[in-house]
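Right, one structure below, let's go through it.
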Amino acid sequence: MAKVKKISGKTVFGLDIGTRSIVGTVGYKKGDEFYCLAQRIKEHETRSMLDGQIHDIGLVSETITEVKEELEKETGMELTEVCIAAAGRVLRTVTVKSELEFQESREVTVEDIYNLRSMAIEKAYEEFTSEEDAAMSFYCVGNSVIRYYMNKYPIGNPEGHKAGDIGADLIATFLPEDVIDGLYKAVELAGLRVASLTLEPIAAIQVAIPKNYRMLNLALVDVGAGTSDICITEDGSITAYGMIPLAGDSLTEIIAKECLVDFAGAEAIKRGLGEGEEVTYQDIIGLPQTIKSADLLKVLEPAIDRLAGEAAEKILELNGGKPVSAVFVVGGGGKIPGYTDKLAEKIGIQSQRSVLRGEEVMGNIIFSEEVKKDSTLVTPLGICLNYYEQNNNFIIVTFNEKRIKLYDNDKLSVVDAAMQADFSNELLFPRRGKELRFTVNRKARSVKGQLGEAAVIKIGGREANIYAPIHENDVIRVKESTEGAPGSMMISSLPEFRDIISVQVQEKRINVTKYARVNGVYQLPSYKIQPGDDIEVLDYCTVAQLLEFMDILLPEDKVILVNHKLADRETKVYENYLVSFVDRSELEAAEAEKLRAREEEKRRSMYETAGVPTEEDEEDADWEEAGDDEETAAEQEAEKETVKEVISNPITVMVNGYPVVLTGKMEYVFVDIFNFIEFDLSSPKGALVTTINGEQAQHLQVLKEGDVLEIRWENQGSAL
C-alpha cells in the first residue's frame with residue numbers, strides 16, 4: 001500500500017456513477033482550493049447502466065469496488081464514506097406559486113414563511129404526481145425559493161414586513177425511492193456508506209459556474225452518455241432544472257453502425273474525433289480502417305443537430321421562452337466537434353457564448369497526479385465540492401410509528417417528516433371552522449369560522465413545534481390539529497341591526513331598535529343565524545311593535561294617528577314619523593266638526609254663486625228692494641224662494657223599507673244618508689252590508705229620487 005499522503009483538511013471521497021464509466025475522486029478542501037489526491041476512472045464492462053439509471057446493481061457495485069480499491073492503494077487511506085450524485089434521468093422538477101393570505105394586515109414572521117414554503121412543496125408534489133406514479137414513493141431532495149411576493153409584488157425577503165398576503169415561486173426537485181435505493185445498495189455492497197447525495201447538475205455547477213456568475217442568466221448543460229442534464233441560473237440562484245434523455249451514446253451507436261465496430265470501439269473513435277484529420281481503428285472483421293474526421297462528422301451531423309436542438313428547446317422552455325445570456329457545456333458528450341456552435345444557433349445567441357468548460361474553470365483545483373483537465377472532470381470534482389457546500393444525506397426517522405427516509409439538508413424539521421409520511425399539511429396547522437354564509441337585504445354575507453388548536457407534537461417524548469429540527473433516529477409523534485367552531489353570528493351583531501329608528505310619540509322622541517325577518521318570519525335579536533338564511537333588516541316598525549317596545553297597553557277608547565292620519569296596529573312607522581293617541585270621542589267630534597265646516601263652506605259657496613244671501617247675511621243686513629212698488633217686491637220674493645228651492649233639491653229615498661227625505665244640498669251621495677238616519681257605526685255588530693237598488697253601494701255613489709237603500713249588520717238584520 002502506498003504511503004499516506006499528507007493532508008490538512010477533511011478528506012472527501014466522491015463517485016460519479018455514470019452511464020459509461022465510474023469516476024472516483026479523493027481530495028480535501030483548504031481555503032478556496034481543492035486538493036485532488038487521486039482520481040480513477042473505470043468503464044462498465046457491460047451496459048449495466050442505461051440513461052443514468054442502474055440496471056444491474058451487482059455489476060455496478062463491482063466496478064465501484066475496483067475504483068475504491070485503486071484509490072485506497074494510491075492514497076493509503078481506508079475509504080468508508082462516499083459522496084454520490086443522481087442523474088437527471090429520474091429527476092422530477094416542479095415550479096409552483098404559493099400564496100398565504102392573512103385575516104388582516106400584520107407583520108410577517110419566520111413561521112409564516114415556513115408555512116408558505118411547506119404549502120408550496122406540497123403543491124409541487126401534487127402537481128407532478130400522475131396516475132401512473134400513484135404506486136411510487138418520491139423524496140423531495142431539495143427546494144429553493146426563486147422569488148418572494150408581498151401584497152402581490154416581488155420582494156427579497158418579506159420577513160418583518162407588514163402585509164396582507166405573501167407568496168413565493170418555488171422550485172422543488174424529487175427522486176423516486178427505487179432510484180435512491182439502487183444507488184445506496186450499489187455503494188453499500190462495495191463496503192461504503194453514503195455521506196451525501198446531490199444531483200449531477202448541482203454538482204457540475206459547483207465547478208462550472210461560480211457563485212459570482214449566478215447573478216447572470218446562464219445555462220449549464222452536462223452532456224453525459226445517456227442524459228443531458230440542464231440547469232438555469234439567474235439573480236444569484238438556480239431557477240430551473242431539466243433533462244433530455246439524449247446524449248453521447250446516441251452518437252456512439254451511429255459510429256458503431258457506420259464503422260462496423262462494437263460499442264467500446266465506437267466510443268474510442270468518438271473520442272478521437274477532433275484530435276486529428278483522420279481516425280484509425282479496427283473493425284469487427286479485424287481489418288484496419290481509416291476514416292477522415294470530417295467525413296464521420298458529416299455522418300453524425302443530423303444526430304448532433306438533434307442533440308443540440310432538443311437541449312436548446314429545453315433551455316428555452318426552462319428560461320420562460322427567452323434565450324439565456326450564455327451556455328456552459330461540460331461532460332464527455334459535449335466534446336463532440338460542432339456541438340457548442342449548433343447549440344448556440346438553436347438557442348439564438350452568438351457562437352462565442354456557447355463554450356465547453358474544462359481546464360479554465362479548474363484554477364482552484366490542485367492535482368497531485370498528472371491528469372488531463374477537460375470537461376469530463378467537472379462533475380466528479382463538483383460532487384466532492386458539494387460535500388462542503390451542503391453536507392447532507394438520507395436519515396431515518398419514525399413518524400407516528402412509521403419509519404420514513406428523508407433527504408437530510410441540515411434543515412429538516414417536523415413539517416418535512418410529516419410531508420414525507422403523507423401526513424396532510426392541513427392537519428399540522430390550526431384549522432378554521434366552516435364559513436357561515438347568508439344574505440342580508442339580498443346581499444351576500446359571510447362569517448369565517450374560528451381557528452382550532454394546533455397539532456400536538458412530541459420528539460422523543462418532549463414537546464416540540466412543527467419547525468423543530470429533526471435528526472437521525474428521532475421518534476416523532478403528532479396528534480393532528482383540530483378544526484375550530486364554525487362561523488357564528490346573532491342578528492343583534494349585524495351592523496344594519498345596530499342602527500335605530502327615531503320616531504316622535506306624542507311629545508317624546510323614541511329610539512326604537514330595528515326589527516328583522518328571517519326567511520319571512522320575525523325573529524328576536526338573539527336569533528342565531530343559520531347557513532343559507534335570507535335576512536331582511538327592516539327600516540320601519542309597525543305600530544304594534546312600537547307599542548310593545550314602549551310597553552304600552554292602549555285602551556279601547558283610544559285611536560292611533562300616524563302623521564295626523566287614522567292608523568291601525570299594522571301601519572308602518574318610518575324614521576321621524578309622528579305617532580299620537582287620542583280619545584275616540586274627541587276624534588269623532590273633530591271629524592264631525594270638520595264635516596260640518598266643509599258642508600257649511602260648500603253651502604255658502606253655492607248661495608254666493610246663485611246670488612242668494614244666507615240666513616246669516618239677512619240677519620246682518622236688510623234685503624234691498626229692487627223696485628218702489630209692491631208688485632216688484634213680490635216678484636223678487638218669488639224669485640228668491642224659487643232659487644232656494646232649486647238649491648235645496650230635496651229627494652226621497654227608501655232606507656230599509658222606510659222613506660227618507662234628503663234636503664239642503666244640490667246633490668247627495670251614499671254617505672250623506674247617515675246624516676238623516678240613526679245607525680251606530682261606533683259599535684260594530686258584524687259585517688256591515690250596504691246596497692243601492694240591490695247592488696253593493698259605493699261611498700261616493702250619487703243618490704237619485706226613489707233609490708232603494710239597505711243598511712244592516714250581517715248577523716243582526718236591519719239596525720233601524
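Residue D16 holds its CG atom at 12.5 Å from SG of C83, rounded to the nearest 0.5 Å. The CD atom of E277 sits 14.0 Å away from the CD1 atom of I291 when rounded to the nearest 0.5 Å. Taking SG of C384 as the reference point, atom OH of Y28 lies at 13.5 Å (rounded to 0.5 Å). In this structure, S21 OG and K42 NZ are separated by 11.0 Å, a value rounded to the nearest 0.5 Å. Atom CG of residue L59 and atom CG of residue L189 lie 11.5 Å apart, to the nearest 0.5 angstrom. To the nearest 0.5 angstrom, I347 atom CD1 is 6.0 Å from L316 atom CG.
With respect to E69 and K73, no salt bridge is recorded, no charged nitrogen being found less than 4.0 Å from a carboxylate O. With respect to the salt-bridge test (charged N to carboxylate O, under 4.0 angstrom), the residues K292 and E278 do not qualify. K270 and E267 are joined by a salt bridge, as a carboxylate oxygen and a charged side-chain nitrogen come within less than 4.0 angstrom of each other. Under a 4.0 Å N-O distance rule, the pair R40/E74 qualifies as a salt bridge.
For the pair T252 (side chain) and G248 (backbone), a donor-acceptor distance under 3.5 Å is present. Without hydrogens or angle criteria, T340 side chain to V355 main chain gives no donor-acceptor distance under 3.5 Å. In this structure, the side chain of D416 engages the main chain of S413 through a donor-acceptor pair within 3.5 Å. Using modelled atom types, no side-chain atom of T227 and backbone atom of V223 make a donor-acceptor pair closer than 3.5 Å. Remark: the backbone N or O of L246 is not paired with any side-chain donor or acceptor of S250 at under 3.5 angstrom. Judged purely by atom type and a 3.5 angstrom limit, D283 uses its side chain to pair as donor or acceptor with the backbone of I285. Remark: the backbone N or O of I476 is not paired with any side-chain donor or acceptor of D474 at under 3.5 angstrom.
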Discussion item. Under the criterion side-chain contact (heavy atoms from CB on, under 4.5 Å), I'd like the reasoning laid out for R117 against L170: C-alpha separation, chi angles, the key distance, then a yes or no.
Written reply: CA-CA 8 Å; R117 292 185 67 154; L170 179 138; 4.2 Å; yes
Discussion item. Apply salt bridge (Lys or Arg N to Asp or Glu O under 4.0 Å) to residues E43 and R271 and explain how you reach the verdict.
Written reply: CA-CA 14 Å; E43 291 191 359; R271 294 191 189 105; 2.5 Å; yes
Fill in: CA sep, side-chain torsions, deciding dist, call: E33, N364, side-chain hydrogen bond (donor to acceptor under 3.5 Å, both in side chains)
CA-CA 5 Å; E33 296 178 327; N364 292 337; over 6 Å; no
Item to complete: May I have the step-by-step check of side-chain contact (heavy atoms from CB on, under 4.5 Å) for I64 and I22, ending in yes or no?
Response: CA-CA 7 Å; I64 292 173; I22 295 177; 3.6 Å; yes
Worksheet entry | CA sep, side-chain torsions, deciding dist, call: I470, I459, side-chain contact (heavy atoms from CB on, under 4.5 Å) | CA-CA 8 Å; I470 59 175; I459 301 177; 4.1 Å; yes
Worksheet entry | Test side-chain contact (heavy atoms from CB on, under 4.5 Å) applied to D305 and L307, step by step | CA-CA 6 Å; D305 187 89; L307 179 60; over 6 Å; no
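Counting only heavy atoms from C-beta outward, the side chains of L273 and L300 approach each other to under 4.5 Å. No side-chain heavy atom of T239 sits under 4.5 Å from any side-chain heavy atom of T233. Put simply, the side chain of L318 reaches to within 4.5 Å of the side chain of I230, judged on heavy atoms. Counting only heavy atoms from C-beta outward, the side chains of N157 and I113 approach each other to under 4.5 Å. Side-chain contact check for I383 versus L15: every heavy-atom pair is 4.5 Å or farther apart. E62 has its side chain out of reach of T65: every pair of non-hydrogen atoms, C-beta onward, lies at least 4.5 Å apart. Counting heavy atoms from C-beta on, the side chains of I171 and Y241 come closer than 4.5 Å. Two residues are said to be in side-chain contact when any heavy atoms from C-beta on lie closer than 4.5 Å; V12 and V26 fail this criterion.
Qualifying side chain to side chain contact (heavy atoms under 4.5 Å, CB included) partners for E317, counting only residues two or more places apart in sequence or in other chains: K314. Partners of Y213 under the ring pair (Phe, Tyr, Trp, His ring centres under 6.0 Å) rule, at least two apart in sequence or in another chain, do not exist in this structure.
A donor-acceptor contact under 3.5 angstrom links the side chains of T379 and D222, judged on distance only. T25 and Q39 share a side-chain donor-acceptor pair at under 3.5 Å.
Of all the heavy atoms in V261 and A266, the pair that sits closest is CG2-N, 3.6 Å. Contact detail for A225 and A247: the closest heavy-atom pair is O-CB, 3.4 Å. Of all heavy-atom pairs spanning K29 and F34, the tightest one is N-CD1, 4.0 Å.
Between F423 and F399, the distance from one ring center to the other falls under 6.0 angstrom.
Atom NZ of K322 sits in a crowded spot, with more than 12 heavy atoms from other residues, nucleotides or ligands closer than 6.0 Å.
When each of V187, T80, L79 is checked for a side chain to side chain contact (heavy atoms under 4.5 Å, CB included) with K68, only L79 meets the rule.
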